[in-house]
Amino acid sequence: MAFRSAMLGRVTRRGSDLGARWMSTWWRSVEPAAKDPILGVTEAFLADPSPDKVNVGVGAYRDDNGKPVVLDCVREAERRIAGNLNMEYLPMGGSIKMVEETLKLAYGENSEFIRDKRIAAVQSLSGTGACRLFADFQKRFCPDSQIYIPVPTWANHHNIWRDAQVPQRTFHYYHAESRGLDFAALMDDIKNAPDGSFFLLHACAHNPTGVDPSEEQWREISFQFKAKGHFAFFDMAYQGFASGDPEKDAKAIRIFLEDGHHIGIAQSYAKNMGLYGQRVGCLSVLCEDEKQAVAVKSQLQQLARPMYSNPPVHGAVIVSTILGDPELKKLWLKEVKVMADRIIGMRTALRENLEKLGSPLSWEHITNQIGMFCYSGLTPEQVDRLTNEFHIYLTRNGRISMAGVTTGNVGYLANAIHEVSKSA
Ligand code: KET
(Lines give C-alpha, C1' and ligand atoms only; values in the text may rest on other atoms or scores of the structure.)
Protein backbone atom coordinates (compact mmCIF):
# COMPACT_ATOMS: atom_id res chain seq x y z
CA MET A 1 0.00 0.00 0.00
CA ALA A 2 2.78 2.34 1.05
CA PHE A 3 4.71 1.32 -2.07
CA ARG A 4 1.71 1.96 -4.31
CA SER A 5 1.04 5.45 -3.06
CA ALA A 6 4.73 6.28 -3.29
CA MET A 7 4.67 5.20 -6.94
CA LEU A 8 1.52 7.17 -7.62
CA GLY A 9 3.08 10.19 -6.02
CA ARG A 10 6.03 9.89 -8.36
CA VAL A 11 3.90 9.48 -11.43
CA THR A 12 1.75 12.42 -10.49
CA ARG A 13 4.75 14.57 -9.76
CA ARG A 14 6.36 13.63 -13.06
CA GLY A 15 3.06 14.36 -14.82
CA SER A 16 2.80 17.78 -13.29
CA ASP A 17 6.46 18.59 -14.13
CA LEU A 18 5.67 17.75 -17.71
CA GLY A 19 2.52 19.82 -17.59
CA ALA A 20 4.43 22.76 -16.19
CA ARG A 21 6.90 22.49 -19.03
CA TRP A 22 4.08 22.66 -21.58
CA MET A 23 2.42 25.55 -19.82
CA SER A 24 5.57 27.59 -19.85
CA THR A 25 5.84 27.27 -23.63
CA TRP A 26 2.28 28.29 -24.54
CA TRP A 27 2.79 32.04 -24.61
CA ARG A 28 6.53 32.10 -25.17
CA SER A 29 6.18 33.65 -28.62
CA VAL A 30 3.86 36.43 -27.43
CA GLU A 31 5.52 39.84 -27.70
CA PRO A 32 4.10 42.92 -25.97
CA ALA A 33 1.59 44.71 -28.20
CA ALA A 34 2.40 48.17 -29.51
CA LYS A 35 0.96 50.92 -27.32
CA ASP A 36 -2.32 52.34 -28.61
CA PRO A 37 -1.53 55.75 -30.15
CA ILE A 38 -4.47 57.40 -28.35
CA LEU A 39 -5.26 55.43 -25.19
CA GLY A 40 -1.51 54.90 -24.61
CA VAL A 41 -1.25 58.69 -24.16
CA THR A 42 -3.72 58.54 -21.26
CA GLU A 43 -1.65 55.76 -19.64
CA ALA A 44 1.51 57.86 -19.88
CA PHE A 45 -0.33 60.92 -18.53
CA LEU A 46 -1.62 59.00 -15.51
CA ALA A 47 1.88 57.72 -14.73
CA ASP A 48 3.39 61.25 -14.71
CA PRO A 49 3.62 62.68 -11.16
CA SER A 50 4.16 66.29 -12.34
CA PRO A 51 1.62 68.79 -10.95
CA ASP A 52 1.82 70.75 -14.24
CA LYS A 53 0.72 67.86 -16.44
CA VAL A 54 -1.93 68.45 -19.10
CA ASN A 55 -3.82 65.76 -21.03
CA VAL A 56 -4.95 66.86 -24.48
CA GLY A 57 -4.66 63.33 -25.86
CA VAL A 58 -7.90 61.40 -25.78
CA GLY A 59 -11.05 63.01 -27.17
CA ALA A 60 -12.97 63.25 -23.91
CA TYR A 61 -14.73 66.43 -22.83
CA ARG A 62 -13.61 68.23 -19.69
CA ASP A 63 -15.12 71.25 -17.96
CA ASP A 64 -13.18 74.47 -17.50
CA ASN A 65 -11.60 73.00 -14.35
CA GLY A 66 -10.32 70.04 -16.35
CA LYS A 67 -12.80 67.68 -14.69
CA PRO A 68 -14.86 64.97 -16.46
CA VAL A 69 -18.48 66.03 -16.97
CA VAL A 70 -21.68 64.15 -16.32
CA LEU A 71 -24.48 66.06 -18.03
CA ASP A 72 -27.44 67.25 -15.93
CA CYS A 73 -29.82 65.43 -18.29
CA VAL A 74 -27.92 62.20 -17.58
CA ARG A 75 -28.03 62.76 -13.81
CA GLU A 76 -31.76 63.40 -14.03
CA ALA A 77 -32.32 60.29 -16.16
CA GLU A 78 -30.31 58.24 -13.63
CA ARG A 79 -32.44 59.62 -10.83
CA ARG A 80 -35.61 58.60 -12.66
CA ILE A 81 -34.47 55.08 -13.42
CA ALA A 82 -32.78 54.39 -10.08
CA GLY A 83 -34.42 51.40 -8.45
CA ASN A 84 -36.78 50.90 -11.40
CA LEU A 85 -34.48 49.00 -13.69
CA ASN A 86 -34.36 45.24 -13.75
CA MET A 87 -31.12 43.59 -14.83
CA GLU A 88 -32.55 41.24 -17.46
CA TYR A 89 -30.79 40.72 -20.77
CA LEU A 90 -31.70 43.09 -23.56
CA PRO A 91 -32.58 41.42 -26.88
CA MET A 92 -29.55 40.69 -29.11
CA GLY A 93 -30.27 43.90 -31.01
CA GLY A 94 -30.44 45.94 -27.82
CA SER A 95 -33.05 48.41 -26.59
CA ILE A 96 -35.69 48.98 -29.24
CA LYS A 97 -36.70 52.30 -27.72
CA MET A 98 -33.12 53.57 -27.62
CA VAL A 99 -32.54 52.50 -31.22
CA GLU A 100 -35.76 54.22 -32.36
CA GLU A 101 -34.72 57.52 -30.77
CA THR A 102 -31.19 57.21 -32.10
CA LEU A 103 -32.35 56.70 -35.67
CA LYS A 104 -34.37 59.92 -35.47
CA LEU A 105 -31.19 61.85 -34.70
CA ALA A 106 -29.40 60.55 -37.77
CA TYR A 107 -32.19 60.10 -40.33
CA GLY A 108 -34.47 62.91 -39.16
CA GLU A 109 -37.45 63.11 -36.83
CA ASN A 110 -39.94 62.46 -39.63
CA SER A 111 -37.83 60.25 -41.82
CA GLU A 112 -39.72 58.27 -44.44
CA PHE A 113 -37.13 55.49 -44.03
CA ILE A 114 -38.01 55.08 -40.37
CA ARG A 115 -41.72 55.18 -41.22
CA ASP A 116 -41.30 52.56 -43.95
CA LYS A 117 -39.19 50.34 -41.65
CA ARG A 118 -36.37 50.29 -44.16
CA ILE A 119 -33.57 50.62 -41.60
CA ALA A 120 -31.86 47.60 -40.06
CA ALA A 121 -30.54 48.85 -36.73
CA VAL A 122 -29.07 47.39 -33.57
CA GLN A 123 -27.68 48.83 -30.36
CA SER A 124 -23.91 48.61 -30.48
CA LEU A 125 -21.00 48.78 -28.04
CA SER A 126 -20.65 52.51 -28.69
CA GLY A 127 -19.16 53.83 -31.94
CA THR A 128 -16.26 51.39 -32.01
CA GLY A 129 -18.61 48.43 -31.70
CA ALA A 130 -20.84 49.80 -34.46
CA CYS A 131 -17.88 50.12 -36.83
CA ARG A 132 -16.64 46.65 -35.95
CA LEU A 133 -20.04 45.03 -36.36
CA PHE A 134 -20.40 46.66 -39.75
CA ALA A 135 -16.90 45.57 -40.80
CA ASP A 136 -17.74 41.98 -39.86
CA PHE A 137 -21.06 42.22 -41.72
CA GLN A 138 -19.26 43.59 -44.77
CA LYS A 139 -16.76 40.71 -44.67
CA ARG A 140 -19.47 38.10 -44.29
CA PHE A 141 -21.77 39.30 -47.07
CA CYS A 142 -19.33 41.03 -49.45
CA PRO A 143 -16.26 38.89 -48.80
CA ASP A 144 -14.29 40.27 -51.74
CA SER A 145 -14.90 43.93 -50.97
CA GLN A 146 -12.40 46.47 -49.63
CA ILE A 147 -12.81 49.59 -47.53
CA TYR A 148 -11.57 53.04 -48.55
CA ILE A 149 -10.40 55.00 -45.52
CA PRO A 150 -9.46 58.72 -45.48
CA VAL A 151 -5.88 59.91 -44.88
CA PRO A 152 -5.60 60.60 -42.06
CA THR A 153 -8.32 59.06 -39.92
CA TRP A 154 -9.01 57.89 -36.36
CA ALA A 155 -6.23 55.32 -35.84
CA ASN A 156 -8.62 52.63 -34.65
CA HIS A 157 -10.43 52.51 -38.01
CA HIS A 158 -7.40 50.67 -39.40
CA ASN A 159 -7.43 48.14 -36.54
CA ILE A 160 -11.16 47.54 -36.88
CA TRP A 161 -11.21 46.69 -40.58
CA ARG A 162 -7.89 44.80 -40.24
CA ASP A 163 -9.32 42.54 -37.55
CA ALA A 164 -12.45 42.03 -39.63
CA GLN A 165 -10.09 40.97 -42.45
CA VAL A 166 -11.37 43.53 -44.92
CA PRO A 167 -8.53 44.80 -47.14
CA GLN A 168 -7.96 48.55 -46.80
CA ARG A 169 -7.39 51.22 -49.40
CA THR A 170 -6.99 54.91 -48.67
CA PHE A 171 -8.33 58.07 -50.22
CA HIS A 172 -6.96 61.61 -50.09
CA TYR A 173 -8.58 63.86 -47.55
CA TYR A 174 -6.33 66.39 -45.80
CA HIS A 175 -4.14 68.89 -47.60
CA ALA A 176 -1.20 69.64 -45.31
CA GLU A 177 -0.05 72.90 -46.91
CA SER A 178 -3.44 74.58 -46.92
CA ARG A 179 -4.47 72.80 -43.72
CA GLY A 180 -7.80 72.17 -45.42
CA LEU A 181 -9.59 69.57 -47.50
CA ASP A 182 -7.82 68.14 -50.54
CA PHE A 183 -11.08 68.17 -52.41
CA ALA A 184 -9.73 67.66 -55.93
CA ALA A 185 -7.66 64.62 -54.92
CA LEU A 186 -10.56 63.25 -52.88
CA MET A 187 -12.90 63.48 -55.87
CA ASP A 188 -10.29 61.80 -58.10
CA ASP A 189 -9.98 58.92 -55.67
CA ILE A 190 -13.75 58.49 -55.59
CA LYS A 191 -13.82 58.45 -59.40
CA ASN A 192 -10.87 56.06 -59.70
CA ALA A 193 -12.11 53.51 -57.17
CA PRO A 194 -13.79 50.47 -58.74
CA ASP A 195 -17.59 50.88 -59.07
CA GLY A 196 -19.48 49.78 -55.97
CA SER A 197 -16.62 50.37 -53.51
CA PHE A 198 -17.10 50.82 -49.77
CA PHE A 199 -16.02 54.17 -48.31
CA LEU A 200 -15.67 55.20 -44.70
CA LEU A 201 -16.73 58.83 -44.20
CA HIS A 202 -16.70 60.93 -41.03
CA ALA A 203 -20.19 62.42 -40.86
CA CYS A 204 -18.97 65.59 -39.11
CA ALA A 205 -16.07 66.95 -37.06
CA HIS A 206 -13.47 64.82 -38.82
CA ASN A 207 -11.01 63.19 -36.44
CA PRO A 208 -8.13 64.09 -36.28
CA THR A 209 -8.14 67.03 -38.73
CA GLY A 210 -11.19 69.06 -37.72
CA VAL A 211 -11.74 69.65 -41.45
CA ASP A 212 -15.14 68.82 -42.96
CA PRO A 213 -16.34 69.21 -46.55
CA SER A 214 -18.69 72.16 -47.09
CA GLU A 215 -22.34 71.47 -47.83
CA GLU A 216 -21.70 72.08 -51.52
CA GLN A 217 -18.75 69.67 -51.47
CA TRP A 218 -20.83 67.02 -49.74
CA ARG A 219 -23.38 67.37 -52.55
CA GLU A 220 -20.67 66.79 -55.12
CA ILE A 221 -19.30 63.81 -53.19
CA SER A 222 -22.79 62.33 -52.95
CA PHE A 223 -23.35 62.90 -56.67
CA GLN A 224 -20.11 61.14 -57.55
CA PHE A 225 -20.87 58.25 -55.18
CA LYS A 226 -24.17 57.83 -57.00
CA ALA A 227 -22.49 57.82 -60.39
CA LYS A 228 -20.04 55.15 -59.20
CA GLY A 229 -22.50 53.11 -57.15
CA HIS A 230 -20.28 53.39 -54.04
CA PHE A 231 -21.49 52.54 -50.55
CA ALA A 232 -21.04 55.24 -47.89
CA PHE A 233 -20.48 54.15 -44.32
CA PHE A 234 -20.70 57.14 -41.99
CA ASP A 235 -18.91 57.13 -38.67
CA MET A 236 -20.75 59.77 -36.63
CA ALA A 237 -18.98 59.91 -33.28
CA TYR A 238 -19.35 63.67 -32.81
CA GLN A 239 -22.92 64.61 -33.73
CA GLY A 240 -23.43 68.00 -32.07
CA PHE A 241 -19.77 68.76 -31.55
CA ALA A 242 -19.20 70.41 -34.93
CA SER A 243 -21.89 73.11 -34.83
CA GLY A 244 -23.38 72.67 -31.37
CA ASP A 245 -26.57 71.36 -32.99
CA PRO A 246 -27.00 67.62 -33.69
CA GLU A 247 -29.56 68.38 -36.41
CA LYS A 248 -27.11 70.57 -38.36
CA ASP A 249 -24.33 68.04 -37.89
CA ALA A 250 -26.43 65.39 -39.65
CA LYS A 251 -26.37 67.45 -42.88
CA ALA A 252 -23.97 65.18 -44.81
CA ILE A 253 -26.09 62.16 -44.01
CA ARG A 254 -29.30 63.95 -45.01
CA ILE A 255 -27.75 64.92 -48.35
CA PHE A 256 -26.89 61.29 -49.06
CA LEU A 257 -30.41 60.25 -48.05
CA GLU A 258 -31.99 62.86 -50.33
CA ASP A 259 -29.90 61.50 -53.18
CA GLY A 260 -31.27 58.01 -52.60
CA HIS A 261 -28.14 56.29 -51.25
CA HIS A 262 -28.36 53.14 -49.17
CA ILE A 263 -25.94 54.08 -46.41
CA GLY A 264 -24.68 52.67 -43.14
CA ILE A 265 -24.17 54.71 -39.96
CA ALA A 266 -22.22 54.19 -36.73
CA GLN A 267 -23.59 56.40 -33.94
CA SER A 268 -22.11 56.94 -30.50
CA TYR A 269 -23.26 58.64 -27.31
CA ALA A 270 -19.74 58.66 -25.86
CA LYS A 271 -19.07 62.29 -26.68
CA ASN A 272 -22.38 64.04 -27.22
CA MET A 273 -24.01 62.59 -24.10
CA GLY A 274 -20.76 62.11 -22.22
CA LEU A 275 -21.52 58.38 -21.85
CA TYR A 276 -17.97 57.29 -22.73
CA GLY A 277 -17.69 54.32 -20.39
CA GLN A 278 -21.31 53.21 -20.79
CA ARG A 279 -20.55 51.99 -24.32
CA VAL A 280 -23.84 52.91 -25.95
CA GLY A 281 -24.31 53.45 -29.66
CA CYS A 282 -26.11 52.19 -32.73
CA LEU A 283 -25.32 50.59 -36.06
CA SER A 284 -27.84 51.10 -38.83
CA VAL A 285 -28.02 50.05 -42.46
CA LEU A 286 -30.59 51.57 -44.80
CA CYS A 287 -32.15 48.83 -46.94
CA GLU A 288 -34.26 48.61 -50.07
CA ASP A 289 -37.41 47.63 -48.23
CA GLU A 290 -38.73 46.29 -44.95
CA LYS A 291 -38.12 42.66 -45.91
CA GLN A 292 -34.44 43.32 -46.56
CA ALA A 293 -34.15 45.33 -43.35
CA VAL A 294 -35.55 42.43 -41.34
CA ALA A 295 -33.03 40.07 -42.93
CA VAL A 296 -30.08 42.41 -42.40
CA LYS A 297 -31.01 43.07 -38.79
CA SER A 298 -31.26 39.34 -38.11
CA GLN A 299 -27.77 38.85 -39.52
CA LEU A 300 -26.35 41.72 -37.46
CA GLN A 301 -27.81 40.04 -34.39
CA GLN A 302 -26.31 36.76 -35.42
CA LEU A 303 -22.90 38.42 -35.60
CA ALA A 304 -23.40 39.91 -32.15
CA ARG A 305 -24.56 36.71 -30.45
CA PRO A 306 -21.25 34.78 -30.34
CA MET A 307 -19.23 37.97 -29.75
CA TYR A 308 -20.99 39.61 -26.80
CA SER A 309 -24.51 38.12 -26.97
CA ASN A 310 -26.36 41.34 -26.24
CA PRO A 311 -25.39 44.89 -25.31
CA PRO A 312 -25.43 46.50 -21.84
CA VAL A 313 -28.67 47.91 -20.53
CA HIS A 314 -27.84 50.85 -18.28
CA GLY A 315 -26.54 53.37 -20.83
CA ALA A 316 -29.32 52.46 -23.25
CA VAL A 317 -31.99 53.26 -20.67
CA ILE A 318 -30.30 56.57 -19.86
CA VAL A 319 -30.41 57.50 -23.56
CA SER A 320 -34.00 56.44 -24.12
CA THR A 321 -35.11 58.21 -20.94
CA ILE A 322 -33.52 61.46 -22.11
CA LEU A 323 -34.58 61.34 -25.75
CA GLY A 324 -38.06 60.03 -24.94
CA ASP A 325 -38.86 63.02 -22.72
CA PRO A 326 -39.21 66.39 -24.50
CA GLU A 327 -37.99 68.34 -21.45
CA LEU A 328 -34.91 66.19 -20.92
CA LYS A 329 -34.16 66.20 -24.62
CA LYS A 330 -34.28 70.00 -24.62
CA LEU A 331 -31.89 70.05 -21.68
CA TRP A 332 -29.56 67.66 -23.53
CA LEU A 333 -29.52 69.87 -26.63
CA LYS A 334 -28.68 72.85 -24.44
CA GLU A 335 -25.84 70.97 -22.80
CA VAL A 336 -24.41 69.79 -26.13
CA LYS A 337 -24.29 73.41 -27.22
CA VAL A 338 -22.52 74.42 -23.99
CA MET A 339 -19.83 71.78 -24.59
CA ALA A 340 -19.35 72.77 -28.24
CA ASP A 341 -19.21 76.48 -27.34
CA ARG A 342 -16.62 75.97 -24.61
CA ILE A 343 -14.40 74.19 -27.14
CA ILE A 344 -14.87 77.00 -29.68
CA GLY A 345 -13.93 79.50 -26.97
CA MET A 346 -10.76 77.56 -26.20
CA ARG A 347 -9.80 77.59 -29.88
CA THR A 348 -9.93 81.37 -29.87
CA ALA A 349 -8.01 81.54 -26.58
CA LEU A 350 -5.24 79.20 -27.75
CA ARG A 351 -4.79 81.06 -31.01
CA GLU A 352 -4.78 84.47 -29.30
CA ASN A 353 -2.25 83.31 -26.72
CA LEU A 354 0.10 82.03 -29.44
CA GLU A 355 -0.23 85.25 -31.41
CA LYS A 356 0.41 87.35 -28.28
CA LEU A 357 3.61 85.42 -27.66
CA GLY A 358 4.75 86.65 -31.08
CA SER A 359 4.76 83.24 -32.73
CA PRO A 360 6.11 83.61 -36.27
CA LEU A 361 3.77 80.85 -37.47
CA SER A 362 0.16 81.11 -38.57
CA TRP A 363 -2.31 79.61 -36.11
CA GLU A 364 -5.43 80.50 -38.07
CA HIS A 365 -6.23 76.81 -38.53
CA ILE A 366 -6.91 76.45 -34.79
CA THR A 367 -10.08 78.50 -35.19
CA ASN A 368 -10.90 77.30 -38.72
CA GLN A 369 -11.01 73.66 -37.72
CA ILE A 370 -14.14 72.31 -36.03
CA GLY A 371 -15.15 69.65 -33.56
CA MET A 372 -13.13 68.28 -30.69
CA PHE A 373 -9.66 68.40 -32.21
CA CYS A 374 -7.05 70.79 -33.46
CA TYR A 375 -4.69 69.22 -35.96
CA SER A 376 -1.88 71.50 -34.96
CA GLY A 377 0.78 70.72 -37.54
CA LEU A 378 3.31 70.02 -34.77
CA THR A 379 5.80 67.31 -35.76
CA PRO A 380 6.25 64.09 -33.75
CA GLU A 381 9.59 65.48 -32.45
CA GLN A 382 7.90 68.69 -31.29
CA VAL A 383 5.19 66.61 -29.61
CA ASP A 384 7.89 64.60 -27.83
CA ARG A 385 9.38 67.86 -26.51
CA LEU A 386 5.97 69.02 -25.29
CA THR A 387 5.63 65.77 -23.37
CA ASN A 388 9.19 65.41 -22.08
CA GLU A 389 9.85 69.05 -21.20
CA PHE A 390 6.38 70.37 -20.42
CA HIS A 391 4.38 67.30 -19.33
CA ILE A 392 1.81 67.98 -22.05
CA TYR A 393 0.32 64.77 -23.40
CA LEU A 394 -1.06 64.48 -26.94
CA THR A 395 -0.91 62.03 -29.83
CA ARG A 396 2.28 62.11 -31.91
CA ASN A 397 0.39 63.20 -35.02
CA GLY A 398 0.10 66.65 -33.41
CA ARG A 399 -3.61 66.34 -32.59
CA ILE A 400 -4.69 68.46 -29.64
CA SER A 401 -7.95 67.52 -27.97
CA MET A 402 -9.43 70.99 -27.48
CA ALA A 403 -11.86 69.40 -25.02
CA GLY A 404 -8.96 69.15 -22.56
CA VAL A 405 -7.95 72.83 -22.88
CA THR A 406 -9.14 75.12 -20.07
CA THR A 407 -8.87 78.75 -19.05
CA GLY A 408 -6.37 77.53 -16.46
CA ASN A 409 -4.02 75.66 -18.80
CA VAL A 410 -4.37 77.47 -22.14
CA GLY A 411 -1.58 79.95 -21.35
CA TYR A 412 0.80 77.19 -20.27
CA LEU A 413 -0.10 75.16 -23.37
CA ALA A 414 0.40 78.12 -25.73
CA ASN A 415 3.74 78.97 -24.18
CA ALA A 416 4.98 75.39 -24.53
CA ILE A 417 3.78 75.14 -28.14
CA HIS A 418 5.54 78.43 -28.86
CA GLU A 419 8.77 77.18 -27.27
CA VAL A 420 8.91 73.99 -29.34
CA SER A 421 7.77 75.54 -32.63
CA LYS A 422 9.26 79.07 -32.77
CA SER A 423 12.50 78.05 -34.45
CA ALA A 424 10.76 75.82 -37.01
N1 KET B 1 -15.15 57.08 -34.33
C2 KET B 1 -14.33 58.14 -34.23
C3 KET B 1 -14.07 58.97 -35.43
C4 KET B 1 -13.76 58.45 -32.97
O5 KET B 1 -12.97 59.49 -32.90
C6 KET B 1 -14.02 57.64 -31.86
C7 KET B 1 -13.38 57.90 -30.57
C8 KET B 1 -14.90 56.55 -32.05
C9 KET B 1 -15.44 56.31 -33.30
C10 KET B 1 -15.28 55.60 -30.96
O11 KET B 1 -15.85 56.11 -29.88
P12 KET B 1 -16.69 55.17 -28.87
O13 KET B 1 -16.17 55.53 -27.53
O14 KET B 1 -16.41 53.76 -29.22
O15 KET B 1 -18.11 55.54 -29.13
N16 KET B 1 -12.34 58.60 -30.47
C17 KET B 1 -11.62 59.01 -29.25
C18 KET B 1 -11.44 57.95 -28.22
C19 KET B 1 -10.78 56.69 -28.72
O20 KET B 1 -9.75 56.73 -29.39
O21 KET B 1 -11.34 55.62 -28.41
C22 KET B 1 -10.31 59.67 -29.66
O23 KET B 1 -10.01 59.75 -30.86
O24 KET B 1 -9.60 60.17 -28.77
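Predicted model, so just to flag it, every value in this text is computed and none were measured. Read the numbers this way: they start at 1 and go in the same order the structure lists the ligands and their atoms.
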Got more than 12 heavy atoms from elsewhere within 6.0 Å of [atom1], [X]?
X      : atom1 : answer
Tyr308 : OH    : yes
Gln302 : CD    : no
His262 : NE2   : yes

message: Salt bridge check, Lys117 against Asp289: does any charged N sit closer than 4.0 Å to a carboxylate O?
response: no

field: Cationic N near anionic O, under 4.0 Å, Asp64 to Arg342
entry: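 Salt bridge present between Asp64 and Arg342.
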
- request: Could you pull out all residues at least two apart from Glu352 that satisfy side-chain contact (heavy atoms from CB on, under 4.5 Å)?
  value: Thr348

Sub-3.5 Å N/O-N/O distance, [X] and ligand 1:
X      : value
Gly59  : yes
His202 : no
His157 : no

Using a strict cut-off of 4.0 Å, indicate which atoms of ligand 1 neighbour a heavy atom of [X].
X      : answer
Ala270 : 13 (O), 15 (O)
Arg399 : 22 (C), 23 (O), 24 (O)
Val58  : 18 (C), 24 (O)
Lys271 : 7 (C), 16 (N), 17 (C), 18 (C)
Asp235 : 1 (N), 2 (C), 3 (C), 9 (C)
Arg279 : 12 (P), 13 (O), 14 (O)
Gly127 : 12 (P), 14 (O), 15 (O)
Asn207 : 4 (C), 5 (O), 23 (O)

task: May I ask you to identify the nearest protein heavy atom to atom 14 (O) of ligand 1, giving residue, atom name and distance to one decimal place in Å?
output: Thr128 OG1, 2.5 Å

task: For atom 21 (O) of ligand 1, find the nearest protein heavy atom and state the residue, atom name and distance (0.1 Å precision).
output: Trp154 CZ2, 3.6 Å

query: Does the side chain to side chain contact (heavy atoms under 4.5 Å, CB included) test come out yes or no for Ile392 and Phe45, once each step is laid out?
result: CA-CA 8 Å; Ile392 294 168; Phe45 168 80; over 6 Å; no

- request: For residues Asn110 and Arg115, determine if any side-chain heavy atom of one lies less than 4.5 Å from a side-chain heavy atom of the other.
  value: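 No, too far: nothing below the 4.5 Å cut-off.
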
task: Just jot down the ring pair (Phe, Tyr, Trp, His ring centres under 6.0 Å) partners of Phe198, sequence neighbours excluded, or say none.
output: Phe231

- prompt: Does even one non-hydrogen atom of Tyr269 get within less than 4.0 Å of ligand 1?
  reply: no

task: Can you figure out which of Ala130, Ala205, Ser126, Ala403 has its heavy atom closest to atom 15 (O) of ligand 1?
output: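 Checking each option, the heavy atom nearest atom 15 (O) of ligand 1 is found in Ser126.
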
message: Between Phe199 and Phe233, is the ring centroid distance below 6.0 Å?
response: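 Ring centres of Phe233 and Phe199 not closer than 6.0 Å.
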
query: Relative to ligand 1, is Arg132 under 4.0 angstrom through side chain, backbone, both or neither, heavy atoms considered?
result: neither

